[in-house]
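Structure, as structure tokens:
Order of the sequence lines sets the chain letters (A, B, ...), proteins ahead of strands, with each chain counted from 1.
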Amino acid sequence: MSGDHSHNDSQIDSGSRVNDSHKHKDKYKDKEHKHKDHKKDREREKSKYGNSDHKEFSEKKHREKERIKHEDVSTDRHKDKHKEKDHRKEEIKPKKEKENGFASPHRVKTEPDNDHFYHSPKSLKRQRDNDETEFKPKKIKLENDRVDKKGKKRKQDEDIKPKKTQKNKKGEVADGKKKAKKEPEEKWKWWEEERATDGSKWRFLEHKGPVMAAPYEPLPSKVRFFYDGKQMKLAPQAEEVATFFAKMLDHEYTTKDAFRKNFFKDWRKEMTSEEKSKITDLKKCNFNEMGEYFKAQSEARKAMTKDDKLKIKVENERLLQEYGFCIMDNHKERIANFRIEPPGLFRGRGDHPKMGMLKRRIRPEDIIINCSKDSKHPKPPPGTKWKELRHDNKVTWLVSWTESIQGSIKYIMLNPSSRIKGEKDWQKYETARNLKKCVDRLRNQYREDWKSKEMRIRQRAVALYFIDKLALRAGNEKEEGESADTVGCCSLRVEHINLYPEKDGQEFVVEFDFLGKDSIRYYNKVPVEKRVRTFFYTSILNKHLQELMDGLTAKVFRTYNASITLQQQLKELTSPDENLPAKILSYNRANRAVAILCNHQRAPPKTFEKSMQNLQTKIDAKKDQLSDAKRDVKICGYKKAVERLEEQLMKLEVQATDREENKQIALGTSKLNYLDPRISVAWCKKWGIPIEKIYNKTQREKFAWAIDMAEDDYEF
DNA sequence: TACGACACTTAGGACCCAACCA
DNA sequence: TGGTTGGGTCCTAAGTGTCGTA
């Protein structure tokens, strides 16, 4: 271990190790490599489909037995090691404990109830026939499909036997045409139907293929490019790439060395040999006229007449209707991204070594189409061919291609509101709920493992402890130089942590300071249990986790801890006598607690200070009005007016608090990806909050399953 | 068992547009 | 009526985790 950890030596156990350099990773690979046990995987795949149906147990309550608070003692502004984004991080992460008793990162931990609480996973088990070779929809059900009512929830053992087919089950394909028309408002409740158990993702898939990027339109001749002060006409290929740069002139990217270097290198590849011999220095290139031209175009677009704007809208709508939906297993489903990514310059995040490289244009010849054999296949644009036409129902994607920067595969897939995504999401939260029932056992075990004689085990246990306690990401290995230098729990290196036997009056403090996903800084100082002063594990934990609980991986801890924190915070923060805005503030605060835990940040809005000022002005004005009204009430008795003003003032103040607290925190990511929506739905039902106050339309579509199935007593 | 390819989820920022306000 | 604001949507990068193969 050659790493520079001398500053920590006094605290570091002789067996300890933080990944000290990429070079040393390999050393550990031999021992801690990933394991594959296919048989086990298959078994897991099977059992995964059946998790507990919470409905069955909603009567039973979990008792909170233990609450471990990990206060965040960190308030220090820290070193300017990381620039840019770091500053915003700096201000939000080391939050002091707030009035709601919440400190970042907040932990609320509960003990598992007895295992009987969770029933066998039959209830979610659904099957499709495996032997049905010809599954062709005779009737396509739109979103407004009618679903036979069979009570609110499926019963525990109702689906043990495989249903013949969806159509048989509902009897709709054969005879249900009229029914479908009768109740057009009713949405398809896929969550009341059976699931495939054979690993297939669909039985029938038909779509129109992707919308290709618009072809390049050469610049009008009046828009000139100058090299070394002299006008120069570029051939279309080089010109197109030049316009990518010109469109970004106002962006900071174009000042960065790596961006310029990568761009210039790739641009030259697109030049004719004559252009290549002339254009040898990016500094001598003048793209200003191009830049101005695009600015003017965008201004013109903004200034278009209503009519012209409407025409564009109509055309977009037409494209959406034509390409934005597919037919999957009898149902029309929305596609998430049906457009092929247009060419441009790669905008990696953080200090990305490939920023500025040319993202080349994707042609039909690069595109793989996936659909049913017996569907109407999408046609490539005239005179072209798809790279491949595939019929793989073991995957969910409709279209794929390989991008030119990292060589990774891009996909067109379905919208979050689709059955295929919803089922997976539901299952994710069920796995997290399974973790809830054994989390204490796991916690006891990793604490035991800290004492292990084997360094490997100690490292693994400490990594798990931090993944659990701090909701860190796993931190998979990455190829050096291929992307920004970011890390997660298992790829932390010595320079990312400091250990203090005592700091700010606390014993055993670990200070984390590293760039995580998207180069978002993670800064945190945490007091830890004594034994945890030392070691980190450098390789994949998931094998171990899999042994501890079926379906358990490192990221399940994030989901679990996020959801349990929301539930706990909602209980703590909601007071029955609060009015609606105050309750929503409480919800947002609970949501915020999770966002802070998961380190979800955003750049403060550019107009933040100003908009806060405006709001304050309004508040002041309202206060004046109120005191005037209070004076008048004595004379004229307009009590109602005073009450109204008080309420208005309260609303404004709540709004200001909420906005201030939210300055650098992004709530959306946790809401969309980590919080079991049934917790929010139950909370809304319990307190009579309209669900629209918590979820917008898109979110309601995504979480339709949860809105339908969760009652006010749902327990995560 | 090691590794690369692949599939899919999670993520923040850009952009658009409707509501609101002066 | 024009400008501003902020929520919602789109975009696509950047993660996690699994699978197939040698």
Whole-Å distance separating the [atom1] atom of [X] from the [atom2] atom of [N]:
X        : N      : atom1 : atom2 : result
A/Tyr522 : C/dG15 : OH    : P     : 16 Å
A/Phe338 : C/dT12 : CZ    : P     : 12 Å
A/Gln664 : B/dG12 : CD    : P     : 13 Å
A/Leu672 : C/dC10 : CG    : P     : 13 Å
A/Asn415 : C/dC10 : CG    : C1'   : 12 Å
A/His600 : C/dA14 : NE2   : P     : 16 Å
A/Ile665 : C/dG7  : CD1   : C1'   : 18 Å
A/Lys671 : B/dT10 : NZ    : P     : 17 Å

Residue [X], side-chain heavy atoms: nucleotide from [options] that is nearest:
X        : options                : value
A/Asn696 : C/dT12, C/dT9, C/dG17  : C/dT9
A/Ala666 : B/dG12, B/dC8, B/dA11  : B/dG12
A/Tyr411 : C/dT12, B/dG12, B/dC6  : B/dC6
A/Lys517 : B/dA11, C/dG17, C/dG6  : B/dA11
A/Ile409 : B/dT9, B/dC6, B/dT10   : B/dC6
A/Asn673 : B/dT10, C/dT9, B/dA7   : B/dT10
A/Val395 : C/dT16, C/dT12, B/dC8  : B/dC8
A/Arg349 : B/dC8, B/dT10, C/dA13  : C/dA13
A/His352 : C/dA14, B/dC8, C/dA13  : C/dA14
A/Ala474 : C/dG17, B/dA11, C/dC11 : C/dG17

So, are A/Arg361 and A/Glu240 salt-bridged, with charged N and O less than 4.0 Å apart?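 Salt bridge between A/Arg361 and A/Glu240, a charged N being under 4.0 Å from a carboxylate O: yes.
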Pick base, sugar-phosphate or nothing for [X], based on heavy-atom distances below 4.0 Å to the nucleic acid.
X        : answer
A/Ser483 : nothing
A/Ala554 : sugar-phosphate
A/Thr396 : sugar-phosphate
A/Pro416 : nothing
A/Gly668 : nothing
A/Lys697 : nothing

On DNA chain B, nearest-nucleotide positions of A/Lys421 versus A/Gly407: which is more 5'?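 Its nearest nucleotide being more 5', the pick is A/Gly407.
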Would you mind telling me which residue lines up with the more 5' stretch of DNA chain B, A/Thr402 or A/Tyr674, judged by nearest nucleotide?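 Its nucleotide being nearer the 5' end, the pick is A/Thr402.
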Name the residue closer to the 5' end of DNA chain C, choosing between A/Arg659 and A/Gly488 according to the nucleotide with the nearest heavy atom.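 Whichever sits nearer the 5' end wins; that is A/Arg659.
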Residue closer to the 5' end of DNA chain C, A/Phe608 versus A/Glu341 (nearest nucleotide):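 First, find each residue's nearest nucleotide; the 5'-ward one identifies A/Phe608.
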Look at the side-chain N and O atoms of [X] and state whether any lies under 4.0 Å from the OP1 or OP2 oxygen of [N].
X        : N      : result
A/Asn476 : C/dG15 : no
A/Lys478 : C/dT16 : no
A/Thr698 : C/dT9  : yes
A/Lys394 : B/dC6  : no
A/Ser408 : C/dA13 : no
A/Gln406 : C/dA14 : yes
A/Lys410 : C/dA13 : yes
A/Arg558 : B/dA11 : yes

Going by the rule salt bridge (Lys or Arg N to Asp or Glu O under 4.0 Å), which residues pair with A/Lys208 if we only count those two or more places apart in sequence or in a different chain?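 Only A/Glu322 meet the salt bridge (Lys or Arg N to Asp or Glu O under 4.0 Å) criterion with A/Lys208.
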Please check if the distance between the ring centroids of [X] and [Y] is under 6.0 Å.
X        : Y        : answer
A/Phe703 : A/Tyr695 : yes
A/Phe245 : A/Phe263 : yes
A/His600 : A/Tyr674 : yes
A/His207 : A/Phe325 : no

May I ask you to check whether over 12 heavy atoms, not counting those of A/Asp351, lie within 6.0 Å of atom CG?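 Counting neighbours around CG of A/Asp351, 12 or fewer heavy atoms of other residues, nucleotides or ligands fall under 6.0 Å, so no.
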Does NZ belonging to A/Lys309 count more than 12 external heavy atoms closer than 6.0 Å?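 It does: A/Lys309 NZ has more than 12 such atoms within range.
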Can you check each nucleotide of nucleotides 15-22 of chain B against protein heavy atoms at under 4.0 Å and return B for base, S for sugar-phosphate only, - for none, in 5' to 3' order? ---S--S-
Check if the side chain of A/Lys555 and the base of B/dT9 share a donor-acceptor pair of N or O atoms closer than 3.5 Å.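 Flag unset: no donor-acceptor pair detected.
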Can A/Lys354 be said to sit on top of A/Phe346's aromatic six-ring, NZ or CZ under 6.0 Å from centre and within 45° of the ring axis?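 Negative - A/Lys354 is either too far from the ring of A/Phe346 or too far off its axis.
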Quiz item: cation-pi between A/Lys469 and A/Phe466, 6.0 Å / 45°: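 Output no; distance or angle outside limits.
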